[in-house]
Each structure stands twice: as structure tokens, then as C-alpha cells.
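Working notes for the structure below.
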Amino acid sequence: MTTASADTDGSWLGALVDWVVGLMDVIGPYGAGIGIAAENLFPPLPSEAILPLAGLAASRGAFTLWEAILWTTVGSIVGALVLYGIGAWFGIDRLRRIADKMPLVKVEDVDRTVAWFHKHGSVAVFFGRFIPIFRSLISIPAGVVHMPIWRFVLLTAAGSLIWNTIFVLIGWYLGESWHIVEQYMDVFQNIVIAVVVIAVVWFVVARVRSLRADKRGS
């Protein structure tokens, strides 16, 4: 028996959401947890779709509300830990070597970023759980700088618990109308992507101008 309908459009992303719905059909709330862990590792898979579907399934009695919140939060932590591990394996020294070989990037850029993360990393990890794309990526620099694992898990769990609870409850209360909030989250995600693109373009332009100025001055 299907616990929830994703109302997908046949796209590859719709197929991924359908896969998560199938997991919830077969193994209940653990399937939602696996889906959210996958969302951390593969950001195009939207938690804004998976979480309300888990809430909808809970409202229909497939499993309890607290199970939906618990296992999606566990999934968030597991996915984040995998990315943290990748960052820890990568390390600062390897990152510096790569930066030294990349055009327009300086080793000092890595050092400044690392210094910033040492100072503000806890805030970034917690609030990063509320921002699309960064929700996944923020775990990597935390691993690179070797943020204490207990702190990383605590902050990730706290942020994920708030985020997951909100969207699971949306599915619980809105039922089949959960798509309403997905539309607004799509707009929010597009704004985040636009801001990132603008920031990258600004960095490239500023760095090229700086290099040209250095050449003229030499």
C-alpha cells in the first residue's frame, strides 16, 4: 500500500523522490531516514519534498509522527558525517596544494577561509542546515578543519531537528496540499543559487583586476 503520493512529473528528480516514497512503503520511517541521508550526499534531491511526504505518511498511520522526525534527523546526521569524513580525509594541506595550482586562486584564500571557519564554524554549521545546497556542503569544510566531532554532531542534530520537524509537520497538517510550500522553497533555492553565482562572478572579476593591477605595477 502506498503511504504517500509524490505527484511527480516523470523527470529524473521525480524518479528519485518516487524511490524514497517506495522506501517508506517498504521499511517505513527508516526509508525516510535513508532518503534524507541521500539528500545530504546528493543535494538536488529535495528535502522539501521528502520531509512533507514523511509527515503525510505519518498522518495516514504508516508510522508515528515522532518516528518520522527521529529517523529523518538520524538520516541528516549520517549523511552529514559522511561529508565530514570526506573533508577530514581531504585535509587543509591537500587543499592548499590544489589552490596553489588553480588559476585565480591563492593559498592565502584557503588560509583565510580556514581562519574564518575556525572562528565562525559553529554558527555556519548550525544555520547552514536551513539553507538549500549549503545544508550539505557545510559539512565538508567542517571536516577539513577537523571541527571536534562531538560539536559537529550536536550542531548538525540541533539544526536538522528544527528543519525536519517544520517540514514533517507541514506534511502532517497540509496532507495532499504539501506541494504549496514546495513552490515557495523552489523560489528560495533559486535565490540561493543566484547569490552564489553572483558571488563567484564577483570573485573572478575582482581577482582578474587585481592580477592586472599587479602586472602593471611590476
Side-chain angles (χ1 to χ4, degrees), residues 33-48 72-164 188-218:
I34 292 172
I36 292 299
E39 179 264 341
N40 275 263
L41 302 174
F42 190 60
L45 184 61
S47 67
E48 295 84 3
T72 54
T73 301
V74 169
S76 296
I77 296 171
V78 170
L81 281 173
V82 172
L83 293 176
Y84 177 96
I86 292 173
W89 170 82
F90 206 76
I92 296 175
D93 292 338
R94 185 178 282 111
L95 196 60
R96 287 193 179 109
R97 290 195 296 270
I98 292 175
D100 192 41
K101 297 177 181 178
M102 291 181 64
L104 303 181
V105 179
K106 301 177 181 179
V107 174
E108 291 80 4
D109 295 328
V110 174
D111 293 336
R112 282 194 293 268
T113 302
V114 168
W116 182 91
F117 206 89
H118 276 303
K119 187 175 182 179
H120 305 287
S122 295
V123 174
V125 169
F126 177 77
F127 286 103
R129 304 307 302 179
F130 308 115
I131 304 175
I133 301 175
F134 287 96
R135 183 164 52 249
S136 298
L137 298 181
I138 198 64
S139 302
I140 297 177
V144 169
V145 303
H146 290 87
M147 173 183 283
I149 192 72
W150 65 266
R151 184 187 303 163
F152 175 77
V153 170
L154 182 63
L155 292 168
T156 298
S160 298
L161 179 62
I162 295 172
W163 178 265
N164 294 353
F188 180 42
Q189 179 167 303
N190 290 335
I191 292 173
V192 171
I193 293 173
V195 170
V196 171
V197 171
I198 292 170
V200 171
V201 171
W202 178 86
F203 171 82
V204 171
V205 171
R207 184 54 53 87
V208 168
R209 288 179 175 176
S210 175
L211 292 174
R212 287 177 177 176
D214 290 343
K215 287 183 179 180
R216 288 195 296 266
S218 60

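Of all non-hydrogen atoms in V145 and V114, the two that sit nearest each other are CG1-CG1, 3.9 Å. Shortest non-hydrogen contact noted between Y84 and P148 is OH-C, 4.4 Å. For S76 against I36, the heavy-atom pair with the smallest separation is OG-CG2, 3.1 Å. Between L83 and S139 the shortest heavy-atom distance is CB-CB, 3.7 Å. Here the closest heavy-atom approach between residue L81 and residue I149 is recorded as CD2-CD1, 3.6 Å. Across all their heavy atoms, A124 and F117 have their closest contact at CB-CE1, 4.3 Å.
Side-chain atoms of P141 and T113, non-hydrogen and from C-beta on, never get closer than 4.5 Å to each other. Looking only at side-chain heavy atoms (C-beta outward), F42 and S136 stay at 4.5 Å or farther from each other. You'll find the side chain of I138 stays beyond 4.5 Å of the side chain of F126, heavy atoms only. H146 has its side chain out of reach of I92: every pair of non-hydrogen atoms, C-beta onward, lies at least 4.5 Å apart.
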> Does the side-chain contact (heavy atoms from CB on, under 4.5 Å) test come out yes or no for I98 and F90, once each step is laid out?
Replying inline: CA-CA 11 Å; I98 292 175; F90 206 76; 3.1 Å; yes
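The structure places OG1 of T72 at 10.0 Å from CD1 of I77, a figure rounded to the nearest 0.5 Å. Distance check: L41 CG to I86 CD1 gives 7.0 Å after rounding to the nearest 0.5 Å. Residue L155 holds its CG atom at 10.0 Å from OG of S160, rounded to the nearest 0.5 Å.
For R129 and N40, the side-chain atoms include at least one donor-acceptor pair closer than 3.5 Å.
Ring to ring, F130 and F134 are not that close: their centroids are 6.0 angstrom or more apart.
Between H120 and W116, the ring planes lie tilted relative to each other; the angle falls in the 30° to 60° range.
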